[in-house]
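What you see below is based on every heavy atom in this structure, not just the backbone, and it leaves out hydrogens, waters and symmetry mates. Just so you know, these numbers come straight off a predicted model, no measurement behind them.
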Amino acid sequence: MLDIQFIRDNPKLVEEKSKQKGIDVNVGDLLLLDERRRKLVTDAEKLRAERNELSADAKGKKPTPAQIEKGKKLKDKLAKLDDELVPIEEEYTKALKAVPNMPTDDVPVGYSEDENKVAKTVGEPKDFDFKPKNEYELAEPRDLIDKERAAKITGSRFAYLKGDLVRLQFAIIQFVLQTLNDVEIIEKLIRENDLNIVAKPFTPVIPPAMLRTEPYAASARLNAEEVTYRAGQPEDDLWLNASAEHTLCTMYWNEILPEENLPIRYIGYSTSFRREAGTYGKDAEGIFRMHQFDKLEMEVFSTAETGPDEHLLLVAIQEYLVQQLELPYQVIQKCTFDIGKPNARGIDINCWFPGQGQYRETHTADFISDYQARDLKIRTRRKDGKVELVHTNDATAFALGRILKAIMENYQTQDGHIIVPEVLRPYMGGQTEI
RNA sequence: GGAGAGGUGUCCGAGCGGUCGAAGGAGCUUGUCUUGAAAACAAGUGUGUCGGCAACGAUACCGUGGGUUCGAAUCCCACCCUCUCCGCCA
């Protein structure tokens, strides 16, 4: 959530920037609630101060009947105030959480997805001297993907991934872990992009794939309707995570991290689950949009000063990874409308899919500033003793389903086979073709 | 699933109706001493909210929520979580 003090100080700006995100926020109503809440809180505190005084007078000895009488009155008044405060507090919190994060100034203002900007295009789509197939047309006849049987077992949007495709997925995982553990590569990317942050490798993490409602809601990522599956029995209070990011960003919930530990960089590997409600018929073929997919996700906790640069590092890493696979791609600077409620800045990478003849989203990098950390209460104790909110960043390393599809389509041969990208061959025992 | 123990500050740990934001210790910071370090000694050291330019003041927080009471970390109820043993199991 946003800092209420910031909203008090900049009501017009908050309303305007929210509108740029396509979110209508009534700051006037929120501030009215804020005022009423503060008045009640102040009144209640005055009564409590009186009560504390009274009970300090009574300590040790038996309280007089007059003291007891006065205490009872205070108690009644407090109870009344409390009854008023509870619903207002509830409404206030709801209204405050409805306010989106403010986009940074370099985010282009736009009111639809179409206003995203292509920041750059890297690599040339290959000229095939045959009509390129999509990943499903390549895989299905060779029994590398079985969606038919999966449908029998689970319904739509699930698949059995098989054979060399699985080996390719594990090769990608190894390649990413290797790359993100390489300080020299990180150092190089920091230098090339002129970033003011340290070269510290990413620690691999396999997080839990489920989480409880309370931390999930605090992460500003719980989107039950469209995205998230409930897990287990209703009484279990567990959700299936829709990205490793959700169980990574909540990891330090309610903690104060020493500044020396920052930045904390993680590369998480997790199966992700998405309901994909409201997408019926969209991307129905193949494995582009599934209810279940594996994903490698980067997550960074940092100080406020380094948050924006950490974001740029994550984008640089994404580009590096895609370049190593020699996939043509575009970097998309998402406009205010498209970056999402908790984001201050959002960059996508769209890879070229010859089977569809278009660039499509394979990566996203979210800079969330302190918006997540405020509600999650993740703070850092600075060297001077001051306690501040951390900044969080998360970004896709590879969404494995989509990147498999990209590799298959870009590396296909006329006879329907797939050349293994060079950087992955060491992780496949030197195998050059699938 | 059965039986038991427990959740207190950065950590360990005491407190079991008012003197408790909380003993004691460790850690950390600063100072004295020292060529330097260690040791010793002294002082300081939680977070949030509200008010204030600030110094500061008020208030809340001892797993969470409710209750009893003039007054709750302390008593009662419910829930959550953790640990140990047994059972089951990857």
Side-chain angles (χ1 to χ4, degrees), chain A residues 1-9 30-97 206-218 230-239 247 250-262 264 270-271 301 304 370-390:
Chain A
M1 60 177 127
L2 220 52
D3 182 6
I4 185 64
Q5 191 59 49
F6 178 84
I7 301 175
R8 285 178 200 143
D9 295 342
L30 171 60
L31 291 181
L32 217 64
L33 282 167
D34 177 44
E35 225 171 281
R36 288 172 69 194
R37 176 185 136 264
R38 278 196 282 172
K39 167 112 182 37
L40 289 170
V41 166
T42 313
D43 289 352
E45 288 194 350
K46 274 187 198 141
L47 289 177
R48 287 208 179 89
E50 262 187 76
R51 189 186 64 184
N52 287 343
E53 212 174 304
L54 189 69
S55 102
D57 287 346
K59 77 184 169 195
K61 38 196 174 186
K62 230 184 154 158
T64 66
Q67 281 174 328
I68 291 178
E69 198 46 42
K70 195 174 170 204
K72 276 189 177 164
K73 268 201 191 121
L74 286 173
K75 192 167 125 178
D76 286 348
K77 278 196 212 165
L78 262 172
K80 245 182 230 151
L81 276 184
D82 229 33
D83 287 346
E84 263 184 86
L85 186 58
V86 167
I88 286 180
E89 194 109 339
E90 224 167 84
E91 245 186 288
Y92 162 80
T93 306
K94 209 174 139 198
L96 179 59
K97 286 196 179 192
I206 299 178
M210 300 183 195
L211 67 168
R212 296 189 289 119
T213 304
E214 204 188 346
Y216 209 167
R230 280 193 175 278
Q233 305 298 313
E235 67 268 25
D236 283 342
D237 182 33
L238 281 170
W239 303 85
T247 35
T250 46
M251 188 172 178
Y252 294 112
W253 187 36
N254 280 324
E255 290 192 38
I256 300 177
L257 310 165
E259 184 178 354
E260 307 85 271
N261 294 6
L262 302 181
I264 295 172
S270 167
T271 301
F301 303 87
D370 60 9
Y371 189 87
Q372 235 177 8
R374 182 167 293 106
D375 209 7
L376 281 170
K377 298 191 180 69
I378 305 177
R379 290 155 295 174
T380 177
R381 191 183 307 279
R382 304 305 294 257
K383 293 194 179 105
D384 63 6
K386 284 212 179 72
V387 172
E388 289 172 8
L389 293 168
V390 301

Quiz item: Got a sec, which pairs hit side-chain hydrogen bond (donor to acceptor under 3.5 Å, both in side chains) with one end in residues 72-91 of chain A, sequence neighbours left out?
Solution: none

Exercise. Using whole Å, report how far CG of A:Leu238 lies from C1' of B:C81.
Key: 13 Å

Self-check item: Partners meeting ring-ring contact (aromatic ring centres under 6.0 Å, His included) with A:Tyr92 (sequence neighbours left out)
Solution: none

Quiz item: If you find the nucleotide of RNA chain B closest to A:Lys70 and the one closest to A:Val86, which residue's nucleotide is nearer the 5' end?
Solution: A:Val86

Practice problem: May I have the step-by-step check of side-chain contact (heavy atoms from CB on, under 4.5 Å) for A:Thr93 and A:Lys97, ending in yes or no? | Solution: CA-CA 6 Å; A:Thr93 306; A:Lys97 286 196 179 192; 4.0 Å; yes

Quiz item: Counting a pair only when it is Watson-Crick or G-U and both distances are under 3.5 Å, which runs of at least 3 such pairs involve RNA chain B?
Solution: B:1-7 with B:80-86, B:10-12 with B:24-26, B:27-32 with B:40-45, B:46-51 with B:56-61, B:63-67 with B:75-79

Self-check item: salt bridge (charged side-chain N to carboxylate O under 4.0 Å, His left out) partners of A:Asp43, counting only residues at least two apart
Solution: A:Lys39

Quiz item: Could you give the OH-to-P distance, from A:Tyr216 to B:C80, as a whole number of Å?
Solution: 22 Å

Self-check item: B:C76 to B:A40 separation - P atoms, rounded to the nearest Å
Solution: 43 Å

Self-check item: Nearest-Å distance once atom C1' is located in both B:U84 and B:A26
Solution: 27 Å

Quiz prompt | A:Asp370: partners by salt bridge (charged side-chain N to carboxylate O under 4.0 Å, His left out), with sequence neighbours left out | solution = A:Arg374

Self-check item: ring-ring contact (aromatic ring centres under 6.0 Å, His included) involving A:Tyr371 - partner list, sequence neighbours excluded
Solution: none

Quiz item: Which pair of non-hydrogen atoms, one from A:Leu96 and one from A:Met1, has the smallest distance, and what is that distance?
Solution: CD2-SD, 3.6 Å

Quiz prompt | Sequence neighbours excluded - side-chain hydrogen bond (donor to acceptor under 3.5 Å, both in side chains) pairs with any residue from residues 250-260 of chain A | solution = A:Tyr252-A:Tyr266, A:Glu259-A:Arg382

Practice problem: Check the pair A:Leu238 / A:Arg212 against side-chain contact (heavy atoms from CB on, under 4.5 Å), numbers first and verdict last. | Solution: CA-CA 5 Å; A:Leu238 281 170; A:Arg212 296 189 289 119; 3.8 Å; yes

Practice problem: Round to a whole Å and report the spacing from CG of A:Asn254 to C1' of B:C80. | Solution: 14 Å

Quiz prompt | Contact list for RNA chain B against residues 73-81 of chain A - heavy-atom distance below 4.0 Å | solution = A:Lys75

Self-check item: Separation between the P atoms of B:U59 and B:C20, rounded to whole Å
Solution: 15 Å

Quiz item: How far, in whole Å, is B:A73 from B:U8 if one measures between their P atoms?
Solution: 16 Å

Quiz item: Which whole number of Å gives the distance between the C1' atom of B:A23 and that of B:U19?
Solution: 13 Å

Quiz prompt | Pairwise C1' distance for B:G31 and B:U69, with rounding to whole Å | solution = 48 Å

Exercise. Check salt bridge (charged side-chain N to carboxylate O under 4.0 Å, His left out) between A:Arg8 and all other residues, then give those that pass, not counting sequence neighbours.
Key: A:Asp34

Quiz prompt | Whole-Å distance separating the CD1 atom of A:Ile68 from the C1' atom of B:U69 | solution = 10 Å

Self-check item: B:G63 versus B:U74 - spacing of their P atoms, nearest Å
Solution: 8 Å

Practice problem: Mind checking salt bridge (charged side-chain N to carboxylate O under 4.0 Å, His left out) for A:Lys94 and listing every partner two or more places apart, or none if nothing turns up? | Solution: none

Quiz prompt | With sequence neighbours excluded, residues passing side-chain hydrogen bond (donor to acceptor under 3.5 Å, both in side chains) with A:Thr42 | solution = none

Quiz prompt | For atom NZ of A:Lys72 and atom P of B:G71, their distance in whole Å | solution = 9 Å

Quiz prompt | Whole-Å gap separating C1' (B:A60) and CG (A:Leu85) | solution = 12 Å

Quiz item: Can you give one letter per nucleotide of nucleotides 44-58 of chain B, going 5' to 3': B for a protein heavy atom under 4.0 Å from the base, S for sugar-phosphate only, - for none?
Solution: --SSSBSS------B

Quiz item: If you measure from the C1' atom in B:G46 to the same atom in B:C62, how many Å do you get, rounded?
Solution: 12 Å

